There are 2 protein chains.
Amino acid sequence: MDSLAIADHLKNHGIKPSYPRIQIYKYLYDRRSHPTVDQIYNDLIKLIPTLSKTTIYNTLGLFINATLVKSFMLDENEKRYEIIIHDHSHFKCEKCNSIYDIPYDDIDLLPQQYNNFQIDEVQIFLRGICEDCLEQ
Amino acid sequence: MDSLAIADHLKNHGIKPSYPRIQIYKYLYDRRSHPTVDQIYNDLIKLIPTLSKTTIYNTLGLFINATLVKSFMLDENEKRYEIIIHDHSHFKCEKCNSIYDIPYDDIDLLPQQYNNFQIDEVQIFLRGICEDCLEQ
DNA sequence: AACTTCAGTGTAATCATTACATATATGATA
DNA sequence: TATCATATATGTAATGATTACACTGAAGTT
Ligand SMILES: [Mn+2]
Ligand SMILES: [Mn+2]
Ligand SMILES: [Zn+2]
Ligand SMILES: [Zn+2]
């Protein structure tokens, strides 16, 4: 997704596509990682020397309101952010601290119903040791 | 579970059963809620006028190490704590902010396997609107 | 009693996040 | 183009949860 396509995409969601906004979106889109605000800042400051953390917080807030991005917390005390592409859950390795995406198909589950509760969102976190770390 | 039984229980897990420790355990055991440190403090200060938050943090840390208690975070920025009795997941109502326990039996799932990953813990959070709030 | 150990407390430091005020860019209007 | 209005971006300060640290005091041991 190039900058022009991102700009259109943001406009379609009612967000004016300023340069920092486009770059933050692009960052999340290209890496498909789960960065903290600090990580985003440390990476993008190379590209946008005037960038401030406040701008990152504000921009992510906008994206979340437009349901382009979502945030979640593991047990650390920093929020993590990721672009919303399709539903999946997360696995965190206790050894290498990597966070893996896990497609829903791979965990056999259907938690769509609970009594008469309306369920809008399901978050699943797995914790353990990843394949790579187990091999050592 | 009375104070004597709790004292024994703590001893069995290598924790000296001081008065504050017993009361904090009792608090979590009796209420079966998901309090923040602040809530624990504000409630127990009535019973233990000299209690400090540091003591609560230390005590919960001990309990967590002994796997008597676990902590988790929703999207707020305060950790929540609960006693470990049996596995279950959580539902948070977006209207009344209540946190409900949901037995695993009620959500049809078996995420025990993923490739060759070793899965030690599964956390499931549901989000939506609870029965009570829907009725209004 | 003297000594050791450890639980408990209070204060200060840390760090993520938010609030706020100011500066800058954009876009419309005259 | 000059002027004005509005939205965006930035920097600094405030907030609030958690942790670090140093001290106090109780309990037990010799
Ligand atoms: Mn993900
Ligand atoms: Mn629970
Ligand atoms: Zn790993
Ligand atoms: Zn409710």
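Scope of the values below: all heavy atoms of this structure, side chains included, with no hydrogens, waters or symmetry mates. In the text below, chain A, chain B and the rest are named by the order of the sequence lines, each starting its count at 1. None of these values were measured; they are calculated from a predicted model.
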For nucleotides 24-30 of chain D, print each protein N/O atom paired with a nucleotide N/O atom at under 3.5 Å, atom names and distance only.
none

is_close_aromatic(B:Phe117, A:Tyr100), centroid dist under 6.0 Å
yes

For B:Met73 and D:dG16, give me the distance from atom CE to atom P, rounded to whole Å.
16 Å

Between the main-chain N or O of B:Thr36 and the side-chain N or O of B:Gln39, is there a donor-acceptor pair closer than 3.5 Å?
yes

Quick note, B:Pro20 side chain, CB onward, closest among C:dC6, D:dT18, C:dG8 is C:dG8

Would you mind reading off the distance between A:Glu76 atom CD and C:dT17 atom P, rounded to a whole angstrom?
11 Å

Result block: side-chain N/O donor-acceptor pairs under 3.5 angstrom for residues 9-18 of chain A, not counting sequence neighbours:
{"unit_1": "A:His9", "atom_1": "ND1", "unit_2": "A:Tyr25", "atom_2": "OH", "d": "3.1"}
{"unit_1": "A:Asn12", "atom_1": "ND2", "unit_2": "A:Asp8", "atom_2": "O", "d": "3.4"}
{"unit_1": "A:His13", "atom_1": "ND1", "unit_2": "A:His9", "atom_2": "O", "d": "2.9"}
{"unit_1": "A:Ser18", "atom_1": "OG", "unit_2": "A:Arg21", "atom_2": "N", "d": "3.4"}

Give a yes-or-no answer on whether the side chains of A:His90 and A:Gln123 include a donor-acceptor pair shorter than 3.5 Å.
no

Using heavy atoms to find the nearest nucleotide of DNA chain C for A:Glu78 and B:Arg21 separately, return the residue whose nucleotide is more 5′.
B:Arg21

Rounded to whole angstrom units, what separation is found between the CD1 atom of B:Ile22 and the C1' atom of C:dA7?
13 Å

In whole Å, what is the span from the CD atom of A:Gln23 to the C1' atom of D:dT10?
18 Å

Is it the case that the side chains of A:Glu82 and A:His88 hold a donor-acceptor pair, with the cut-off being a distance below 3.5 Å and no angle test?
yes

Residues at least two apart in sequence or cross-chain that pass salt bridge (charged side-chain N to carboxylate O under 4.0 Å, His left out) with B:Asp38, listed by chain then number, are B:Lys53

In Å, rounded to the nearest 0.5 Å, how long is the span from CG of B:Asp2 to OH of B:Tyr29?
10.5 Å

Specify the separation, in whole Å, of atom NZ of A:Lys11 and atom P of C:dT26.
14 Å

Note: with side-chain heavy atoms under 4.5 Å as the link, the other cluster members for A:Phe125 come out as A:Phe72, A:Leu74, A:Ile99, B:Phe72, B:Leu74, B:Ile99, B:Phe125

C:dA16 C1' sits how many Å from A:Arg80 CZ, rounded?
13 Å

A:Asn77 has an atom CG; how far is it from atom C1' of D:dT19, in whole Å?
10 Å

Atom pair distance, as rounded to whole Å: NZ in A:Lys16 and C1' in D:dA9:
14 Å

Considering only heavy atoms, which members of residues 38-65 of chain B lie under 4.0 Å from some atom of DNA chain C?
B:Thr50, B:Leu51, B:Ser52, B:Thr54, B:Thr55, B:Asn58

Among the nucleotides C:dT17, D:dT18, C:dC6, whichever has the atom closest to the side chain of B:Lys79 is D:dT18

Got a sec, which pairs hit side chain to side chain donor-acceptor pair (under 3.5 Å) with one end in residues 66-77 of chain A, sequence neighbours left out?
A:Glu76-A:Arg80, A:Glu76-A:Lys92

